[in-house]
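Remarks on the structure that follows.
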Amino acid sequence: MKILTWNCQGFGKKYTRQYLLHFSKSENPDIMFISETKQKGNFMESLLRNSKFNNWFLVSPMGTAGGLALAWDGRISLEVVHYSHNQIHALVWDSNTNVECILSGFYGSPYLE
C-alpha cells in the first residue's frame, strides 16, 4: 500500500493543482492525504474528479485556513471513523496484501490562537 501525504499550502495557484495531478499519476499512490487545501468542498471535488482517485472525504477550511482531503482508489476499502477540523482517522483494508490498519492524517495550524 502506497500513501502520499502533502501539505500543499493552498490550491489557489494553477501550478499547485497541476503539480498535484502530475505527482499523483507519476507516483501512483493508493491513498493520498492533503492538508491545508484552503478550498471549499466543491472546488476540491472538481479537482479530485480529474485525478486517478474515485473516492474522497473532505473537511472544509475555516475561512481560508486549513482544509483536509483524503482520497483513495478502488483497490482500497476505507472507512472514515472520526474527523475534525484538524484530523481524519480512517480504517483501511488492502485486499491485495490482506492488511488492515488505522490511518491518521492531521494538520496543526502554526497559529497559536
Side-chain angles (χ1 to χ4, degrees):
M1 181 178 350
K2 193 173 191 180
I3 302 171
L4 171 68
T5 64
W6 185 27
N7 179 342
C8 68
Q9 300 178 345
F11 278 114
K13 296 180 181 172
K14 184 178 179 180
Y15 178 76
T16 305
R17 295 188 299 270
Q18 291 173 337
Y19 187 76
L20 171 69
L21 294 175
H22 170 75
F23 197 62
S24 68
K25 288 177 183 173
S26 67
E27 293 300 317
N28 197 30
D30 301 303
I31 300 172
M32 183 169 60
F33 176 75
I34 309 167
S35 63
E36 203 176 4
T37 64
K38 298 184 179 183
Q39 300 294 327
K40 301 273 187 224
N42 292 340
F43 182 88
M44 287 304 299
E45 284 182 19
S46 67
L47 177 65
L48 290 168
R49 274 191 199 97
N50 293 322
S51 73
K52 71 173 217 108
F53 300 103
N54 49 7
N55 303 291
W56 55 80
F57 183 85
L58 305 172
V59 177
S60 291
M62 296 182 76
T64 59
L68 306 173
L70 181 63
W72 63 98
D73 65 23
R75 298 175 292 183
I76 299 293
S77 175
L78 188 146
E79 177 188 356
V80 173
V81 294
H82 178 75
Y83 71 94
S84 71
H85 176 67
N86 293 343
Q87 58 190 331
I88 300 174
H89 302 283
L91 185 59
V92 179
W93 171 261
D94 184 349
S95 60
N96 293 332
T97 60
N98 205 26
V99 169
E100 183 178 47
C101 63
I102 293 177
L103 172 70
S104 295
F106 57 91
Y107 169 72
S109 173
Y111 304 110
L112 185 58
E113 59 278 350

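Remember, it's a predicted structure, so these values are computed and weren't measured experimentally.
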Applying side-chain hydrogen bond (donor to acceptor under 3.5 Å, both in side chains), can you list everything that pairs with [X], at least two apart in sequence or on another chain?
X: D73; answer: K52, R75
X: T97; answer: D94
X: N54; answer: none
X: N86; answer: none

Tell me the side chain to side chain donor-acceptor pair (under 3.5 Å) pairs involving residues 10-26, sequence neighbours left out?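 Pairs touching residues 10-26 that pass the test: none.
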
Taking all atoms of both residues into account, what is the closest heavy-atom pair of [X] and [Y], and its distance?
X: G74; Y: N55; answer: N-ND2, 4.1 Å
X: V59; Y: F57; answer: CG2-CE2, 3.9 Å
X: E36; Y: N7; answer: OE1-OD1, 2.7 Å
X: P61; Y: H85; answer: C-CE1, 4.1 Å

Output the distance between atom [atom1] ([X]) and atom [atom2] ([Y]), rounded to the nearest 0.5 Å.
X: L4; Y: M32; atom1: CG; atom2: CE; result: 6.0 Å
X: D30; Y: N28; atom1: CG; atom2: CG; result: 7.0 Å
X: W56; Y: R49; atom1: CH2; atom2: CZ; result: 5.0 Å
X: L70; Y: I88; atom1: CG; atom2: CD1; result: 5.0 Å
X: S60; Y: N42; atom1: OG; atom2: CG; result: 8.5 Å

Please identify each residue that fulfils ring-ring contact (aromatic ring centres under 6.0 Å, His included) with [X], with sequence neighbours left out.
X: H89; value: H82
X: F106; value: none
X: F53; value: none

Pair L47, T37 - check side chain to side chain contact (heavy atoms under 4.5 Å, CB included), show working. CA-CA 11 Å; L47 177 65; T37 64; over 6 Å; no

With sequence neighbours excluded, residues passing side chain to side chain contact (heavy atoms under 4.5 Å, CB included) with I3: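 I3: side chain to side chain contact (heavy atoms under 4.5 Å, CB included) contacts with M1, T5, I31, L103.
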
Could you pull out all residues at least two apart from E27 that satisfy salt bridge (Lys or Arg N to Asp or Glu O under 4.0 Å)?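 Salt bridge (Lys or Arg N to Asp or Glu O under 4.0 Å) check on E27 returns K2.
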
Among the clusters formed by ILVMFWY side chains lying less than 4.5 Å apart, do Y107 and M62 turn up in the same one?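 No, Y107 does not connect to M62 through the hydrophobic network.
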
Under 4.5 Å side-chain linkage, directly or through intermediates, the cluster mates of W93: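 Noted: W93 shares its cluster with no other residue.
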
Which other residues end up in the same hydrophobic cluster as I102, if Ile, Leu, Val, Met, Phe, Trp and Tyr are linked when side-chain heavy atoms come under 4.5 Å apart?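 Cluster partners of I102: V81, L91.
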
For atom OH of Y83, is the number of surrounding heavy atoms from other residues, nucleotides or ligands below 6.0 Å larger than 12?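 Result for OH/Y83: open.
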
